[in-house]
Structures are given as C-alpha cells and as structure tokens.
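Okay, so here's the structure we're looking at.
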Amino acid sequence: MIDLRLLREDPDLIRASQRLRGESTELVDGLLSADEERRAATQRFEAVRAEQKSIGKEVAKASGDERAALLARTKELALEVKAAEAAASEAEQTLRKAHLAVSNVVEGAPPGGEDDFVVLREVGDIPRIEAPKDHLEIGEALRAIDTERGAKVSGSRFYFLTGVGALLQLGMLQLAIQQAVEHGFTPSITPTLVRPESMEGTGFLGAHASEIYRLEADDLYLVGTSEVALAAYHSNEILDLSSGPSRFAGWSTCYRREAGSHGKDVRGILRVHQFDKVEMFSFCKPEDAAEEHLRLLAMEEEMLAKVEIPYRVIDVAAGDLGSSAVRKFDCEAWVPSQSRYREVTSTSNCTTFQARRLNIRYRDENGKPQTAATLNGTLATTRWLIPILENHQQPDGSVRVPKALQPFLGGREVLEPAK
RNA sequence: GGAGGAUUCGCCUAGUGGCCGAUGGCGCCGGUCUUGAAAACCGGUAUGGGGAAACUCAUCGUGGGUUCGAAUCCCACAUCCUCCGCCA
C-alpha cells in the first residue's frame with residue numbers, strides 16, 4: 001500500500017508512476033475519493049459517538065425525570081451511532097480495496113514493458129562450447145537429475161536430485177548461507193505453510209494468486225518463496241533499526257503452480273513446481289533502502305562469482321515490476337544450450353509498500369513510529385544448477401566443479417558421467 | 001481427537017456494567033542530590049485516525065451480540081499452557 005499522505009500531497013506523482021507501469025490512473029482518482037469519503041465518514045461517526053459518551057456520563061449522575069429524558073435521547077443516539085459506525089467501516093473497507101489496487105511508486109526503473117530492461121553490465125566470459133549439451137542431458141549422465149521419475153511420482157515439473165545433484169544443491173545453498181552469515185545476515189529456516197494473512201500481507205494474493213498452492217482443508221498456503229515468511233516475521237512489530245538494517249537469509253523449499261505456463265520451459269529443472277532457495281530479506285529505514293538494494297545486488301554477484309558463471313545484470317523496466325517493487329534488478333546467467341541469459345536472481349526494493357500492509361515499523365530519531373522499508377533478493381536457488389552444469393561442461397561429458405563448491409563434493413574437482 | 005485454564009499499555013500485574021485509556025511494580029527517559037556513579041526522591045513514558053492547535057475519536061487477543069453505556073455480560077474464532085488419547 002502506498003503512503004496516503006504522499007497521495008494527497010502529490011497525486012500526479014502517483015499517476016505518473018501508474019502510467020510508467022502501464023496501469024490505470026483512474027485507480028488513483030478512485031483512491032483519492034475513497035480517502036476523502038473515509039475521513040468524512042469517520043468524522044461523522046466520531047461526532048455522534050462523542051455525544052453519546054458525554055450524555056452517557058450524565059445518565060450515570062442523573063435521576064428521576066431528568067434521567068428518563070436523557071435515556072430517551074441516548075436511545076435515539078444509539079441508533080445514529082450504529083448507523084454512522086457501519087457507514088464509517090464500510091468507507092474504511094472501500095478505501096482499503098482502492099488502496100490495495102494502486103501499485104508502489106516507481107523509482108528509477110526504465111520505462112516500458114518486459115523487453116525494455118536496461119543491461120547494466122555483463123560479467124565473466126561466455127565459454128566457447130562445441131554443441132553444448134543442456135543441463136538435463138548432462139544431469140542425467142551424471143545421475144544427478146531425474147525428471148522421469150519425478151513425473152512418475154509427482155507429475156510434470158517435478159524431479160529428483162540424486163547423488164552429485166543433491167550434493168551440488170546442498171553445497172550451493174550452504175555456500176549461500178555461509179556468505180550471508182559472513183555479511184551479518186541472520187540465517188533462518190522458515191515455515192513453508194503460512195496463513196492467509198501472511199500471504200495477503202506480502203502481496204502475493206493479488207495478481208499472482210493463481211500461482212499459489214492452497215491447502216483448502218487447513219486454510220493454509222504453500223509459499224512460493226521464503227520472502228513471505230520473512231516479511232511476515234516482524235508483522236505488527238516496531239523494530240529497532242537504530243544500529244542499521246535488520247538482515248535475514250531464509251532457506252526454504254518454494255512451491256509454484258506455474259499455472260498458465262503450460263508448454264513453456266518444459267524440459268529439465270528451469271521451471272518447476274518445487275525448488276529450494278536461499279533468500280535475503282532486509283528491514284531498513286526508507287532513506288536507506290536504495291543503498292540496501294545495491295548491497296543485496298552485490299551479494300548476489302558475489303555468489304555468482306563463486307560458482308563461476310557468466311551473467312549480466314538488468315534493470316527491470318517499470319511495466320515488468322511486481323506491484324510492491326519500486327525497482328528491481330535481475331541477474332541472468334548464461335545458459336549455453338539456449339545461447340541466452342536466463343534469470344537466476346531477482347532483487348526488489350519494496351520501500352514501505354509491503355511493510356505498510358504488514359504494519360512493520362521502526363522508531364525514528366524522535367522516537368516516533370514510522371513505516372519501515374523492506375527489500376528482498378535471491379542468493380541461490382535450484383535453478384542455478386542449470387548454468388553451473390552447462391557452463392562447466394567439458395567435451396568428454398564431465399563437469400568441472402567450481403572451487404567454492406568442491407568442499408561440498410568431497411573435494412572433487414570434476415564430476416564424471418556414470419558408466 | 002477429548003477435558004480444563006489463560007490472553008490487559010516493552011515485561012509482570014490491578015480491574016465483574018458508568019467515576020476506566022485503564023492500577024501498581026519493573027524497565028526506560030529526564031531532573032534533584034553526588035567529584036563521578038549507585039541508592040533515594042520527583043516527573044515522564046502504548047498505538048492509530050482526524051485537526052494548524054486546543055483537543056477529539058478508536059483500540060484491554062480477533063470478530064459479532066446484549067445494553068442508553070462493555071476491559072467487565074453472552075456467542076464464535078485465534079493463539080498459548082496443562083492433562084488424557086493417538087502418532088513419532
């Protein structure tokens with residue numbers, strides 16, 4: 001939810017942002033009038049309520065005829081109060097709906113849609129590989145990835161990681177956690193089933209509702225990322241941010257329905273229903289958010305360097321941002337079998353948008369509670385196995401293990417195909 | 001799955017229909033005293049909405065209800081604790 005004060009002071013700023021995103025500016029006008037109506041309705045309610053209270057006090061003291069007269073008046077008032085309260089709470093709900101409909105105010109993202117991203121830099125050399133095998137072919141030869149049995153057991157877009165595949169993933173995630181700890185992040189293992197409020201608060205029940213698994217019998221949702229649990233972790237709290245941002249690295253399994261992506265990226269483990277991820281999450285003061293965003297991006301690049309894969313960093317265009325984000329940087333790793341870059345990390349600055357919904361605050365210099373800013377970013381996920389296997393493949397079918405991962409594979413420098 | 005108990009302002013706690021936004025202690029902040037500190041004493045210390053302000057309204061786990069009036073009575077739900085059962 002955006003800051004209503006900002007909306008009142010500078011509605012054109014919000015309209016401009018909506019335009020940049022390719023979203024409706026009418027939503028802004030709807031929100032403005034809902035805001036006004038709510039304040040008016042609240043005031044009407046408060047006026048009658050105040051009268052009711054003060055007369056109520058007189059009733060307590062009065063007696064005889066005077067008391068009877070007062071009681072008659074209060075009886076009427078009780079009805080008025082009830083009606084005014086109902087009107088106020090309805091106005092409140094209307095406002096909330098309108099409030100939820102407006103996306104966060106874009107900050108620095110390039111204009112345009114999905115294809116209008118700006119490449120900030122390309123890092124690392126693209127390997128020259130004759131007729132590169134794709135990750136599934138390599139993974140099957142190594143007995144590392146088994147999608148056939150994944151489909152047999154659970155359906156399409158499921159897989160088993162076995163042997164060196166399992167070790168690679170565990171090593172990579174462990175490496176991510178180690179790095180996060182070195183940088184002062186609190187390592188966390190988070191719930192993967194959350195209540196509707198948590199899902200709603202992080203904004204995932206909006207446009208992405210169909211992406212999410214829901215357990216109807218228990219009214220719980222399976223998270224698509226540990227961001228959900230990490231964001232909701234501090235909901236309805238006032239944090240102490242006086243000594244800097246509060247940083248977490250959450251390790252969890254993630255679940256996505258991938259509804260509407262039938263026939264897209266069906267091979268291998270690029271797009272799957274279940275994967276593991278280490279996600280960074282920061283709570284900070286709004287004025288520090290842009291700097292924190294760059295820090296998360298730097299963390300991602302540090303990890304990509306450790307697994308020695310070439311990548312580029314893109315500044316995602318306004319039209320392709322999630323509704324919570326004011327800016328988003330993706331790192332895309334080179335995938336030799338596709339001769340193109342594919343997204344492996346994404347870091348978003350949500351400023352106060354998410355925290356306002358979740359009611360996460362901090363105390364400013366004057367001790368006054370203010371809404372905090374939240375940011376998130378990927379530190380490692382199952383998908384990384386794709387560029388790791390493909391970029392480090394060798395003509396004989398073996399795969400070189402990046403130095404940083406070798407300790408997790410019993411010191412092996414090369415993974416050999418199974419006979 | 002069954003039975004009981006609990007939920008009040010950072011923590012503990014008082015409060016069974018109007019004088020209660022709510023007692024007291026701890027903690028924290030400021031002051032007096034002190035060379036400094038501690039102790040003692042004095043004062044201040046929830047959040048949100050509206051308002052330039054005075055101020056006002058809401059909030060006692062959440063949502064409903066009873067009542068002129070609810071922290072207090074009734075109902076539902078959530079969470080935590082204890083016991084029994086079941087599973088590991």
Side-chain angles (χ1 to χ4, degrees), chain A residues 1-9 31-100 102 190-191 193-201 205 214-221 228-229 232-243 246 283 285-286 352-373:
Chain A
M1 296 191 283
I2 63 164
D3 184 357
L4 288 179
R5 254 173 248 274
L6 179 66
L7 172 81
R8 283 173 218 145
E9 280 164 20
L31 181 54
L32 273 169
S33 64
D35 176 46
E36 224 165 281
E37 176 50 35
R38 199 234 27 194
R39 278 186 295 164
T42 304
Q43 273 170 29
R44 282 193 290 272
F45 161 66
E46 287 183 355
V48 283
R49 175 71 176 152
E51 193 183 350
Q52 183 186 42
K53 274 191 129 176
S54 77
I55 295 188
K57 274 177 191 161
E58 289 173 42
V59 170
K61 288 180 230 148
S63 58
D65 289 349
E66 196 189 347
R67 186 181 168 98
L70 282 171
L71 277 179
R73 171 67 185 133
T74 51
K75 224 158 216 171
E76 269 171 50
L77 254 181
L79 291 176
E80 284 177 46
V81 168
K82 201 159 254 182
E85 186 176 15
S89 88
E90 198 189 317
E92 184 86 51
Q93 279 176 31
T94 306
L95 171 66
R96 186 172 169 85
K97 241 187 213 161
H99 203 172
L100 289 172
V102 176
T190 63
L193 281 168
V194 300
R195 335 174 65 159
E197 303 94 277
S198 304
M199 204 46 114
E200 159 106 79
L205 287 187
R214 170 154 183 250
L215 300 192
E216 194 158 1
D218 300 282
D219 200 18
L220 289 169
Y221 291 92
V228 175
Y233 181 73
H234 278 314
S235 60
N236 296 316
E237 291 182 22
I238 298 179
L239 312 179
D240 181 6
L241 295 177
S242 58
S243 51
S246 181
F283 301 89
K285 299 177 186 175
T352 57
F353 191 85
Q354 199 174 50
R356 190 167 289 108
R357 270 188 194 199
L358 290 164
N359 191 26
I360 301 169
R361 293 167 295 171
Y362 70 99
R363 286 188 196 283
D364 64 16
E365 309 73 51
N366 306 316
K368 253 198 90 180
Q370 302 285 357
T371 303

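A note on names: the letters A, B, ... follow the listed sequences, proteins ahead of strands, and every chain is numbered from 1.
- Rounded to an integer number of Å, the gap from CD of A:Glu92 to P of B:C57 is 18 Å.
- Across all strands shown, B:A39 remains unpaired; no Watson-Crick or G-U wobble contact has both distances below 3.5 Å.
- If you check B:A53 for Watson-Crick or wobble pairing at under 3.5 angstrom, you find it has no partner at all.
- Across all strands shown, B:G27 is found opposite B:U45 as a Watson-Crick or G-U wobble partner, with both distances under 3.5 Å.
- As a whole-Å value, the separation of A:Tyr362 OH from B:U47 P is 15 Å.
- The side chain of A:Arg44 contributes no N or O atom lying less than 4.0 Å from OP1 or OP2 of B:G50.
- Formation of a donor-acceptor pair under 3.5 Å by the A:Thr74 side chain with backbone atoms of A:Leu70 is found in this model.
- Contacts of A:His234 classified as ring-ring contact (aromatic ring centres under 6.0 Å, His included), with partners at least two apart in sequence or in another chain: A:Phe248, A:Phe283.
- B:C74 and B:U66 have their C1' atoms separated by 7 Å, given to the nearest Å.
- Using the Watson-Crick or G-U wobble rule with both distances under 3.5 Å, B:A78 pairs with B:U7.
- For A:Arg363 (side chain) and A:Lys368 (main-chain N/O), no donor-acceptor pair under 3.5 Å exists by modelled atom type.
- Checking B:C33 for Watson-Crick or G-U wobble geometry (two distances, each under 3.5 Å) identifies no partner in any strand.
- Of the P atoms belonging to B:G65 and B:U72, the separation is 14 Å, rounded to the nearest Å.
- For the pair A:Arg361 and A:Glu51, both in contact range of RNA chain B, the more 5′-proximal nearest nucleotide belongs to A:Arg361.
- Here B:A88 sits opposite no nucleotide as a Watson-Crick or G-U wobble pair (both hydrogen-bonding atom distances under 3.5 Å).
- Rounded to an integer number of Å, the gap from A:Ile238 CD1 to B:C9 P is 13 Å.
- Dashed line: the shortest gap from a side-chain N or O of A:Arg363 to OP1 or OP2 of B:U47 is under 4.0 Å.
- Taking a pair to require two hydrogen-bonding distances under 3.5 Å in either a Watson-Crick or a G-U wobble arrangement, B:C73 pairs with B:G65.
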Exercise. Produce a footprint string for nucleotides 58-78 of chain B: one letter per nucleotide, 5' end first; B if the base is under 4.0 Å from any protein heavy atom, S if only the sugar-phosphate is, - if neither.
Key: S-------S-BS--------S
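- Within a 6.0 Å radius of CG in A:Asp218, more than 12 heavy atoms belonging to other residues, nucleotides or ligands are found.
- Taking atom CG of residue A:Leu7 and atom C1' of nucleotide B:G49, one finds them 16 Å apart after rounding to whole Å.
- Separation of the C1' atoms belonging to B:U8 and B:U82 is 22 Å when rounded to the nearest angstrom.
- The existence of a salt bridge linking A:Asp219 and A:Arg195 is excluded, since no basic side-chain nitrogen approaches an acidic carboxylate oxygen closer than 4.0 Å.
- Nucleotides B:C41 and B:C60 have their C1' atoms positioned 32 Å apart, rounded to a whole Å.
- For the pair A:Ile55 and A:Asp35, both in contact range of RNA chain B, the more 5′-proximal nearest nucleotide belongs to A:Ile55.
- Comparing the same atom, C1', in B:G63 and in B:U7 gives a spacing of 16 Å after rounding to whole Å.
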Quiz item: Given A:Asn359 and A:Arg357, is the side-chain hydrogen bond (donor to acceptor under 3.5 Å, both in side chains) satisfied, shown in steps?
Solution: CA-CA 5 Å; A:Asn359 191 26; A:Arg357 270 188 194 199; over 6 Å; no
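- Computed from coordinates, the A:Arg39 CZ to B:U56 C1' distance equals 16 Å when rounded to whole Å.
- Comparing B:A37 with B:G44, their C1' atoms are spaced 23 Å from each other, to the whole Å.
- Between A:Glu80 and A:Leu77, the closest side-chain pair of non-hydrogen atoms falls below 4.5 Å.
- For the pair A:Glu58 CD and B:C19 C1', the interatomic distance rounds to 14 Å; values are reported in whole Å.
- Base-pair partner of B:C60: not found among the strands shown (Watson-Crick or G-U wobble, both distances under 3.5 Å).
- Rounded to whole angstrom, the span from the NZ atom of A:Lys368 across to the P atom of B:G49 amounts to 8 Å.
- Nucleic acid contact for A:Arg73: none, since no nucleic acid atom lies under 4.0 Å from a heavy atom of the residue.
- Going from atom CZ of A:Arg5 over to atom P of B:A52 covers 11 Å, rounded to whole Å.
- Only the P atoms considered, B:A6 is 22 Å distant from B:G10, to the nearest whole Å.
- Across all strands shown, A:Arg8 has heavy atoms under 4.0 Å from sugar-phosphate atoms exclusively, and none from any base.
- Sorted by first then second residue, the salt bridge (Lys or Arg N to Asp or Glu O under 4.0 Å) pairs that include residues 84-94 of chain A, not counting sequence neighbours, are A:Arg38-A:Glu92.
- Of the P atoms belonging to B:U67 and B:A54, the separation is 38 Å, rounded to the nearest Å.
- Salt bridge status for A:Glu76 with A:Arg73: present, with a side-chain N to carboxylate O gap under 4.0 Å.
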